[in-house]
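Only one structure is covered here, and it is reproduced in the block below.
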Amino acid sequence: MGLVKSIANAVKYIALHNKKGLFGIVILLFVGSIAILADKLAPYDPYAIVAPPFQPPSPEHPLGTNDIGQDILSEVIYGARVSLYVGLTAASISTILGLVVGLIAGYFGGYVDEAISGIIDIMLAIPSLPLIIILAAYLGPSLNNIILVLVIFGWVGVARVIRSQTLSIRERTYVEASKAVGSSSFGIIFRHILPSVAPVAVAYVILGATSAILTEASLSFLGLGDPTAKSWGQILYHAQARNALYLGLWLWVFVPGLFIALVGAGFTLLGMAIEDYVNPKLRYA
Amino acid sequence: MYRYSSRFNKSLLALGLTISILTAYLIGFAGVASAAPEEQVLKVGIPGEIDNFNPFTGILAAAGYVRGLLYQTLLILPANRSYTPWLAESFTVDQNALKVVFKLRPNLRWDDGTPLTSKDVVFTFNLILNSTYSKVLDKWNLRNYIEYVKALDDRTVEFKLKSPFAPVLWYLGAQVAIVPEHIWSKVNVTEFKNLDNPVGCGPYKFVKYTPGVSVELEANPYFFLGKPKIQRLVVVLYKSVDALMLDLQAGNIDAIYGSVAPELVPVLLKNPNVRVALPLASMGSMRFMGFNLEKYPFNITEFRWAIAYAINKEAIVNTVMLGYAEPAADGWVQPVQGIWYNPNVTYVKQNLTKAKEILDKLGFIDRNGDGIRETPDGKPLSISILTISGRPEFERSAELIMGWLKQIGIDARVEAQALGTVDQREGVGDFDIGLMGLAGLGNDVDWWIYERFHSSQAPPLGTYAPRNWFRYRNPEADQLLDAQRSTLDLELRKQYIYKLQEIIARDKPLIPLYVTKPVTAYRIDKFEGWNEVEGPTSILSLMSLKPKGPEVITVATTVVTSVTQPVTQPVTITQTQAVTVATTVTSPVTSPTPTEVPWSLYAVVIVVVVVILAFVAFRVARKT
Amino acid sequence: MVTRFLYVRLLRSLIVFLTILLIVFILPRAMPGNPASILANEYQLPSSTVKVLIEMWKLDRPWHEQLIAYFQTLFTGQWGFSYKYYPRTVYELVMERLPWTLLLLGTSSVTVFLTGVGLGVIAGWRRNTKVDSIITFSAVLIYAVPYYWLALLFQYVFGYLLKWFPITQALTPGMIYRNVFEYVADVLWHLTLPVIAMTLTAFASYTLVTRNSLVDILSEDFILALKAMGLPDRTIMRHALRNALLPPVTMLAIRLGTIVGGAVLTETVFSYPGIGYLIYESILYKDYPVLNAAFFMLSITIIVANLCADLLYMLLDPRIRYTRG
């Protein structure tokens, strides 16, 4: 209960007091509703071949058609689903993983903590992008593999922050008191520590989603994405591969990229607002 | 006061720096924009990299073009697909005595002036057949077929075969480039890069290689067909095809080696000096899908026929390739392969009703009404199409096929993986359907067909099979494959190959999808005499090229050849192609457009300088 | 205390280094497909060649022998021949491309850092004003713009439509230079678009970090004390900046891996003849010698940079500041 309440409080606060956060929420609601209503909004099935290839924009196809005659607008609309799915899934899984690891390390301390911190330190120093490219290339392009790759490198940052937060909360008097009363470790973590670190975790889901969406798009652009998934990165990949710009079909490139930037900005604004809420020291009008 | 003056100095310094950088920039642009026009240099743009100029070990295509200009073979196989004398002026094949004799042209010379004799030929073949390097150099296992090679005199070379070997002329005549003994006898052949000063015998000789930038060549006065009329040839290396296209349009290069993306053809033709050609000699490559014949239900011939009926090859050709391809014949051998193609073997046209009927008859019926058929024992019929990631052409073809299979009730999905993974999974038989590409239509038909279909090349599942990975085993086909290989009688061999095509089309172990028609492009403003049939950058074209004279030439003939295609089956000409033809015919010949100087850029830079100046002046004035 | 800290850091770096090397050894080999058949497939080589190549490259040896050979070749610098560009050596290939990558990444890192930190300082100094709002807000908006997308649009507008700058490559192909200046100008001309695109898409995080750290420091006691003493703004700024720049500087060092990863994208979009594209190609073709050498050098660079960042932190640690202040 405490968890839900604290998140609700955060959202309320941000909506009322943080203009940038509100802007982020608006963007995300906009793109989110596109994703949810994709089958109502999209004029065509994004996989259906509805016109000759490489058609310039026209009333029937406001963004034109792609290299095999699919409607680009429909592709972009369905792309919201794929990109949000990848971003949110990857970010949630890595945050949950990081949360568990961070809580364990922070609460139990000792050798457990030393071992986990060691691993975290090493993972943080490993250059992730080149290794992500290697992993994606060899695992084979599918959405789930991309999510897997993003999780492998995504949990580390969360774990580090949660660990240090847990460390400081553990020392507080009420936690000490519950311990003295004889509450189980699980109970203490669940009742006292989790609600305090939850906003941080939520901030990480939000910020992590940005980088997950961007990384998925980059991998797709390099040709390492799922070829039949209609993600924005995949649309860009095909546009680039078939020389869309030289054919004057610049909307084919412009719109999907714009959506990536927009969603990224939305998540970042919201994430920063949550961070502000958690750590009011940096708050500004 | 002190502080202000120091600030003033700093501002001045910053200002000076900014201005000098901008000036350097402007001068730079001026320099770039006004690079002096050079004398007659033919520039050929190639996408790719140079690995080496060693004809035995080199594999990259860009370097292959240069290697092909430098090192020559005894015979060539031009667009008409018949063996034509090249370094050799004549050749004879003695069927009974199993001897092949080549007679070299008189007075052949290497481009360093030393005579090229039969000793060089014997040396080259001995490198391959019996030297310490044979293991690496004898890629085709010629050792199994050739007993010896010897020089009968300065101009005559004799090969003795161990047994009749049909593709012998192709391997001996058209595959092996002759290298000079006086150089190659002193080097470690397998590790020889030959990048510094390769000595060859082609129309052009090597001058200079700048890594990653260009290879410069000059006309070889000793070339046996005479010295080319254009003195200098620069092969310009490109990292991307886009840049290549733009430079061709801008006139920075005169021709490209390689093919143009079909969608760019109308863009290129906007420039009246650019022509596109579909050279007969560049055979294109084939795309096909192979079934895993050891896996249910792909081991059922009728099932494969059902899939064949689901595929619309014309639609793939017209969408993915925009018409710049031919639907492929089902018998594996293609019309472009000339005499070997059996014209009775065509391809199955899409017929979804028929496909569904076959599936119904086989007991693949959708019993639970979810739109997906189930196998007779109740499992949903779902299959994967394995193809290579990062190749839009393959991925898109697979996507189209996926759609058609869904229409006949098969739950298909596309699995794209890295080339290595695909290769390995197909090799060991871990796949359902593999969608692959294959070049080499110009090779001897034995190369094209033997290892692909012979059961000796189909090991059990789990063992890597490089060519026959779909694991086709048919004793009747084996017999014909062996028979065609061991006859020197052309007519008889043709009959065997014809029969093979019928068997393959009947059994459908794989479905050839289409054969690409490579489009290439060149400019007509500086040079004339391009040979479109052999390809604008081919040696025969280089020999007929000359600087464009002052008189205006008519391009009508050129235009006609540029749209003549190796049409053997009725082709639907797509909109794009129609546009292409029209544009080509109506383009007038105009003088070359001058290099564009970016005036707008000058303007912007000047404005920026003025703004900075004003800003600094303002700051300084306010402080003092 | 300090020496122990150093030892721990060095040990950690060593572990990281070996981990990367092991990952790079295991991953490509654990996945299906071998380099010889990839090349055979790509270039239609006869199947007998594949066997010869596998033997020549010693890919048929047991894995522990390969692992030993792997470390031997890396540490002795005998990187051998590239598989794809045989018989060119890895050293040759890397040296041909490394200068371009250094030029591109060096220039753009400098411009990214200067732009990012500069704007961050302005925003932080004028915190909670309109200027601050505009700068931080636009930094956030730009933060998530995909680099390659902006680069493509730049290529289209400035390269294709306006023809101000070349679209791809590092030099005009086939150009013959009359003097050094022409060469330099040509290089700069080709460098402009990638660097501007990179600067615009990468500066935002530096701006945000710098701004926040400056705001943090400006609210600290010692700055307030300086202000109370009536020192001019410039002096206060100088003191604040020295500390506020620490986070962006370390960020630069830590981000090196990401920057090099980004080089793959940059060099793909602009067809720049750098090492990023070579790495990408070596991954796809399983060109082990190139892959190994590239990651060997990459990890050394990153570890050295990280160590430098650690040392920097140690030297400029806040505690030292307080004891002196």
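Numbers restart at 1 for each chain; the letters A, B, ... are given by sequence-line order, proteins then strands.
Heavy atoms of B/Asp247 lying under 4.5 Å from chain C belong exclusively to its side chain. With a 4.5 angstrom heavy-atom cutoff, B/Tyr464 touches chain C only via side-chain atoms. Neither the backbone nor the side chain of C/Leu53 comes within contact range of chain B; no heavy atoms are under 4.5 Å apart. Of the two parts of B/Ile50, only the backbone, made up of N, CA, C and O, holds a non-hydrogen atom closer than 4.5 Å to a non-hydrogen atom of chain C. C/Tyr160 touches chain B through its side chain: at least one heavy atom from C-beta onward sits under 4.5 Å away, while N, CA, C and O do not. Only the side chain of C/Glu92 comes within less than 4.5 Å of a heavy atom of chain B; its backbone N, CA, C and O stay farther away. Only the side chain of B/Glu451 comes within less than 4.5 Å of a heavy atom of chain C; its backbone N, CA, C and O stay farther away. Of the two parts of C/Asn179, neither the backbone nor the side chain holds a non-hydrogen atom closer than 4.5 Å to a non-hydrogen atom of chain B. Contact of B/Ile253 with chain C is not made at all, since no heavy-atom distance falls under 4.5 Å.
Shortest non-hydrogen contact noted between C/Arg88 and B/Leu195 is NE-CD1, 4.1 Å.
Other residues, nucleotides and ligands contribute more than 12 heavy atoms inside 6.0 Å of the OH atom of B/Tyr133. Few gaps surround CG on B/Asn188; more than 12 heavy atoms of other groups in view lie less than 6.0 Å from it.
From C/Leu39, atom CG reaches atom CG of B/Leu60 across 8.5 Å, with rounding to the nearest 0.5 Å. B/Met245 contributes atom CE, which lies 12.5 Å from atom CD1 of C/Ile167 (distance to the nearest 0.5 angstrom). Rounding to the nearest 0.5 angstrom, the gap separating the NZ atom in C/Lys286 from the OG1 atom in B/Thr421 is 5.5 Å.
Within residues 149-159 of chain C, no residue has any heavy atom less than 4.5 Å from a heavy atom of chain B. Within residues 94-106 of chain C, the residues having any heavy atom under 4.5 Å from a heavy atom of chain B are, by residue number, C/Glu96, C/Arg97.
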Trace of the side-chain contact (heavy atoms from CB on, under 4.5 Å) decision for C/Met56 with B/Thr190: CA-CA 11 Å; C/Met56 190 167 87; B/Thr190 46; over 6 Å; no
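Among B/Val428, B/Leu246, B/Thr210, B/Leu237, the residue with the largest count of heavy-atom pairs under 4.5 Å with chain C is B/Leu246. Each of C/Val50, C/Ile38, C/Thr268 has some count of heavy-atom pairs under 4.5 Å with chain B, and the biggest count is that of C/Ile38. With chain C as the partner, the residue from B/Ser389, B/Gly420, B/Gly390, B/Pro211 showing the most heavy-atom pairs under 4.5 Å is B/Gly420. Options B/Asn52, B/Ile59, B/Thr57, B/Leu419 differ in how many heavy-atom pairs under 4.5 Å they form with chain C, and the most are formed by B/Ile59.
In summary, B/Glu49 and C/Lys84 do not engage in a salt bridge, as defined by a charged side-chain N under 4.0 Å from a carboxylate O.
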